[in-house]
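Notes for the one structure printed next.
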Amino acid sequence: MTLRSPRTNTAFQELFSLPAEEFLISSFTCYLKRKLPTQGQVFLSPRTIGFYSSMFGRKTKFYFLWEDIEDIQGIPQSISSWSPSIIITLHKGRGMDTKHGAKSMDNGKLKFCLQSFASFSVANRTIMALWKARSLSTELKVQLAEEQSQINTLQSEDSGVFVGIEDAKSLQMTEVFSSTISTNMASLMEVFAGGSLEMKVMDKVGCQKYSATQWESDKPNEYQRQIHYKFSKKLSPVGGEVTGTQQKSLMPNKKGWVIEEVMELQGVLLGDFFTLHIKYQVEDLAPKQRASNVQVSLGIEWSKSTRHQKRIEKNVLSSSSARLKEMFNLASRELSHAR
């Protein structure tokens, strides 16, 4: 068996309050689909499957037993879904303490939806193997999981390990763009409105097949939406795509907006090892000036370790900074032409 380090297993056990014999087999970055989709990680152990997320100051955490599951289905990508999904249905009346994480409940059966895996086929095979092996011994479960996720061929320094919630370094944000733009805040915020300006600007900076959901709110003056796009050759010679969650909230002085974005990268070098955080601040200056102040900061949160961390951070921050500067420059020019 390929066991995780004692430090990794301890972090996993403490996160879900599990006994020492319940060790981590594998983990995958994904989205938990609910009314407001939540980006996080799913964790697999011999007897449990758990989910943890900490986004925008909100934590989501739950787990249930493999034996609680009645059915697991892999759902292909469709027009209404950006990526294939895994639908998990629990037996009637089981796992009711995890109801807050469920997408729906039908006849007393909770349904959970996981999607946007960096490698859907590996995650799907591993989850299916562990569920089907729920009556087998722990050793056989681990062996099956390793065969499905190809852990034996990936156990190198580049494969990474779960960093652990308590071990993760505090996220450091770096300011990459600050400018006064000659248009009022309401007009500039159109670049986050899902309309023609946003689509035009994002296409020009290299975000192909760009789409965004409607802003939805579960708190006053606070909204969330999801975005999705593919990288053009301009942004990434090897391709790749992004699934992101944005949260928009009114500044305390009510003179502007803060947009926080968490981006998951797929199809890029070690993209499942980290998430990219972006913070936009768009504030109205004196009304007579017809101008707005824009500040943008970037940060990278690592969920797995790798010796290539510094090189990846340098490349990601550099390319993202250039794209964000171009985005606001284009928006400014488009708004000027419109006037």
Side-chain angles (χ1 to χ4, degrees), residues 36-37 39 55-56 82 173-217 221-232 234-236 240-265 275-287 289-299 316-339:
L36 296 177
Q39 184 183 26
M55 285 183 63
F56 311 126
W82 293 324
M173 302 293 284
T174 302
E175 185 176 295
V176 296
F177 181 74
S178 180
S179 178
T180 298
I181 296 178
S182 300
T183 188
N184 60 47
M185 181 195 66
S187 297
L188 189 57
M189 283 298 292
E190 288 295 314
V191 81
F192 298 104
S196 59
L197 177 64
E198 181 176 9
M199 299 302 165
K200 188 173 185 179
V201 168
M202 299 310 288
D203 183 65
K204 284 187 175 182
V205 299
C207 301
Q208 297 180 334
K209 297 184 178 179
Y210 184 88
S211 62
T213 63
Q214 296 291 321
W215 289 103
E216 295 188 54
S217 176
N221 297 321
E222 190 174 290
Y223 307 85
Q224 277 192 30
R225 69 171 186 171
Q226 279 66 53
I227 61 172
H228 180 261
Y229 58 86
K230 295 182 180 293
F231 289 125
S232 67
K234 172 184 176 181
L235 291 181
S236 173
E241 59 186 292
V242 166
T243 302
T245 299
Q246 292 180 336
Q247 176 176 281
K248 179 176 69 171
S249 55
L250 201 60
M251 284 183 173
N253 61 12
K254 297 185 178 180
K255 292 183 178 179
W257 292 91
V258 175
I259 298 97
E260 295 179 85
E261 181 176 335
V262 180
M263 292 172 52
E264 179 187 333
L265 281 66
T275 52
L276 179 63
H277 292 248
I278 306 176
K279 184 177 182 179
Y280 309 85
Q281 294 188 82
V282 183
E283 188 172 8
D284 228 353
L285 298 180
Q289 296 184 31
R290 290 184 58 82
S292 305
N293 183 54
V294 178
Q295 290 180 302
V296 186
S297 301
L298 293 178
V316 170
L317 292 177
S318 175
S319 60
S320 298
S321 299
R323 176 177 63 83
L324 291 164
K325 290 176 184 178
E326 185 182 3
M327 184 180 91
F328 281 102
N329 288 333
L330 283 168
S332 179
R333 288 201 295 269
E334 290 292 332
L335 290 168
S336 296
H337 292 157
R339 287 200 301 272

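The structure presented is a predicted model; accordingly, all values stated were derived computationally and were not measured.
- Ser320 is listed as a side-chain neighbour of Leu276, based on a closest heavy-atom distance under 4.5 Å.
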- Message: Pair Ile259, Met189 - check side chain to side chain contact (heavy atoms under 4.5 Å, CB included), show working.
- Response: CA-CA 10 Å; Ile259 298 97; Met189 283 298 292; 3.8 Å; yes
Candidate pair Asp203 and Tyr210, rule side chain to side chain contact (heavy atoms under 4.5 Å, CB included), full reasoning
CA-CA 7 Å; Asp203 183 65; Tyr210 184 88; over 6 Å; no
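- Remark: Asn184 CG to Ser292 OG distance equals 6.0 Å, nearest 0.5 Å.
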Q) Could you walk me through whether Gln247 and Glu222 pass the side chain to side chain contact (heavy atoms under 4.5 Å, CB included) check? A) CA-CA 7 Å; Gln247 176 176 281; Glu222 190 174 290; 3.5 Å; yes
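- Counting all heavy atoms, side chain and backbone alike, Ala331 lies closest to Leu188 at CB-CD1, 4.4 Å.
- Of the residues Glu334, Met199, Glu326, the one that meets the side-chain contact (heavy atoms from CB on, under 4.5 Å) test with Lys204 is Glu334.
- Nearest heavy atom pair, residue Gln39 against residue Val262, reads OE1-CG1, 2.6 Å.
- Within the 4.5 Å cutoff, the side chain of Val191 has no heavy atoms near those of the Val282 side chain.
- Within the model, atoms NZ of Lys279 and CG of Leu298 stand 12.5 Å from one another, a figure rounded to the nearest 0.5 Å.
- Listed for the Ser178 side chain is no donor-acceptor partner under 3.5 Å among the backbone atoms of Gln295.
- Ring planes of Phe192 and Tyr280: perpendicular class, angle over 60° (limits at 30 and 60°).
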Fill in: Stepwise side chain to side chain contact (heavy atoms under 4.5 Å, CB included) test for Met55 and Glu260
CA-CA 10 Å; Met55 285 183 63; Glu260 295 179 85; over 6 Å; no
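- Scanning both residues, Ala291 and Thr180, for their nearest heavy atoms gives CB-CG2, 4.1 Å.
- Formation of a donor-acceptor pair under 3.5 Å by the Thr243 side chain with backbone atoms of Glu264 is not found in this model.
- Side-chain contact between Phe231 and Val242 is present, with heavy atoms from C-beta onward closer than 4.5 Å.
- Remark: Thr245 OG1 to Met263 CE distance equals 11.0 Å, nearest 0.5 Å.
- When every heavy atom of Lys325 is checked against every heavy atom of Val176, the shortest pair comes out as CE-O, 3.0 Å.
- Across all non-hydrogen atoms, the minimal contact from Leu317 to Ser321 is O-OG, 2.6 Å.
- Met202 has its side chain within reach of Arg323: a pair of non-hydrogen atoms, C-beta onward, lies under 4.5 Å apart.
- Side-chain atoms of Ser332 never come within 3.5 Å of backbone atoms of Phe328 as a donor-acceptor pair (strictly under, hydrogens ignored).
- Side chains of Glu241 and His228: a donor on one and an acceptor on the other come within 3.5 Å.
- Of all heavy-atom pairs spanning Ser319 and Val316, the tightest one is OG-O, 3.2 Å.
- A salt bridge (Lys or Arg N to Asp or Glu O under 4.0 Å) with Arg225 is found for exactly one of Glu216, Glu198, Glu261, namely Glu198.
- Rounding to the nearest 0.5 angstrom, the gap separating the CD atom in Glu190 from the OG atom in Ser196 is 8.0 Å.
- In this structure, OG in Ser249 is found 10.5 Å from CD in Gln224, a value given to the nearest 0.5 Å.
- Taking the side chain as every heavy atom from C-beta outward, Leu335 and Leu197 approach each other to under 4.5 Å.
- Ring-plane geometry between Tyr223 and Trp215 is classed as perpendicular, the angle between the planes exceeding 60 degrees on a 0 to 90 degree scale with a lower cut at 30.
- Taking NZ of Lys255 as the start and CG of Leu285 as the end, the distance is 9.5 Å to the nearest 0.5 Å.
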